[in-house]
Amino acid sequence: MPASGPPEISLFANADCDDVSLSRLKEQIEKAFPDCLRSPGPENPLLDELTAIEISLVSDEAIAEVHGEFMDDPSPTDVITFHHGEILASVDTARREGAEHGNATGEELLLYVIHGLLHLNGHTDASEPARTTMHRVQEAIHRRVLDRD
């Protein structure tokens, strides 16, 4: 059953985020949310049922621990999404990958959160062609939110 309105989005900095404007990132996430909601994937979409989304910005060490516990892979990753509406995004990975992709840390984190929101809306990147579709959708939303169209 759809939620009665958009979910409450909470953003928590659980790592060094000195180079990220958290208020700007939250505004960008809220701007991206409707596009994510309008872009359902082939799996069961949950995004319209959530009343809250909790986004935690964490270190590589913290995300690696969760990655190992829940996915049997103890290496750091960019983002982990849980069906109950929790998204973990690695600030350390965003710094490294953002520099490689020409994105500031906050812009790269936004991409990770959009990725997480799309997972919550039924997208999957476990195999092709779903992975390519998901990446195309997330990149389009990312460009629009950053006014790079």
Side-chain angles (χ1 to χ4, degrees), residues 1-3 6-7 9-12 15 17 19-22 24-50 52-149:
M1 177 176 176
I9 297 174
S10 301
L11 182 62
F12 301 98
C17 293
D19 56 339
V20 178
S21 168
L22 298 176
R24 179 170 168 75
L25 179 57
K26 186 166 186 229
E27 286 171 10
Q28 291 171 327
I29 293 166
E30 290 170 346
K31 184 176 179 182
F33 180 83
D35 284 342
C36 293
L37 189 60
R38 283 190 297 268
S39 303
E43 304 292 319
N44 182 31
L46 304 170
L47 194 57
D48 65 345
E49 299 173 11
L50 297 172
I53 296 172
E54 190 174 290
I55 301 159
S56 295
L57 307 179
V58 299
S59 66
D60 269 356
E61 182 180 342
I63 208 163
E65 186 176 316
V66 174
H67 201 210
E69 181 178 342
F70 289 94
M71 296 166 200
D72 292 325
D73 182 348
S75 65
T77 188
D78 50 2
V79 62
I80 297 175
T81 306
F82 293 97
H83 288 146
H84 61 271
E86 183 179 9
I87 298 172
L88 305 177
S90 172
V91 179
D92 296 329
T93 299
R95 279 191 190 102
R96 279 193 315 277
E97 295 292 319
E100 290 180 25
H101 299 122
N103 290 327
T105 304
E107 293 168 344
E108 190 74 8
L109 285 167
L110 173 63
L111 183 65
Y112 299 168
V113 173
I114 291 169
H115 186 89
L117 292 171
L118 290 173
H119 271 306
L120 290 171
N121 206 27
H123 281 272
T124 181
D125 56 359
S127 62
E128 293 295 348
R131 178 183 300 116
T132 297
T133 300
M134 182 178 187
H135 284 230
R136 189 179 68 246
V137 171
Q138 80 185 25
E139 291 292 338
I141 294 169
H142 191 244
R143 282 191 313 271
R144 190 190 70 71
V145 170
L146 296 176
D147 295 318
R148 292 183 180 166
D149 279 337

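We use all heavy atoms of the structure for the numbers below, so side chains are in, but hydrogens, waters and symmetry mates are not. The first residue in the sequence is number 1, and the count goes up from there.
For Phe12, there are no ring pair (Phe, Tyr, Trp, His ring centres under 6.0 Å) partners two or more places apart in sequence or in a different chain. Remark: Arg24 engages no residue in a salt bridge (Lys or Arg N to Asp or Glu O under 4.0 Å) (not counting sequence neighbours). Qualifying salt bridge (Lys or Arg N to Asp or Glu O under 4.0 Å) partners for Glu107, counting only residues two or more places apart in sequence or in other chains: Arg148. Residues satisfying the salt bridge (Lys or Arg N to Asp or Glu O under 4.0 Å) criterion with Glu30, sequence neighbours excluded, are Lys26. Scanning for side chain to side chain contact (heavy atoms under 4.5 Å, CB included) contacts around Pro45 gives Asn121, with sequence neighbours left out. When the side chain to side chain donor-acceptor pair (under 3.5 Å) test is applied to His84, the partners found at least two apart in sequence or on another chain are Glu86. For the salt bridge (Lys or Arg N to Asp or Glu O under 4.0 Å) test, residues two or more places apart in sequence or in another chain that qualify with Asp19 are Arg95. Every residue two or more places apart in sequence or in another chain that forms a side chain to side chain contact (heavy atoms under 4.5 Å, CB included) with Glu128 is listed here: Arg131, Thr132.
With 3.5 Å as the limit, one finds no donor-acceptor pair spanning the side chains of Asp92 and Ser59.
Residue pairs that meet the side-chain hydrogen bond (donor to acceptor under 3.5 Å, both in side chains) test with at least one member in residues 34-45, sequence neighbours left out, are Asp35-Arg38, Asp35-Arg144. Screening residues 120-149 for ring-ring contact (aromatic ring centres under 6.0 Å, His included), with sequence neighbours left out, gives His115-His135. For residues 68-83, no pair satisfies salt bridge (Lys or Arg N to Asp or Glu O under 4.0 Å), with sequence neighbours left out. Listed by first and then second residue, the ring-ring contact (aromatic ring centres under 6.0 Å, His included) pairs involving residues 89-108 amount to none (not counting sequence neighbours).
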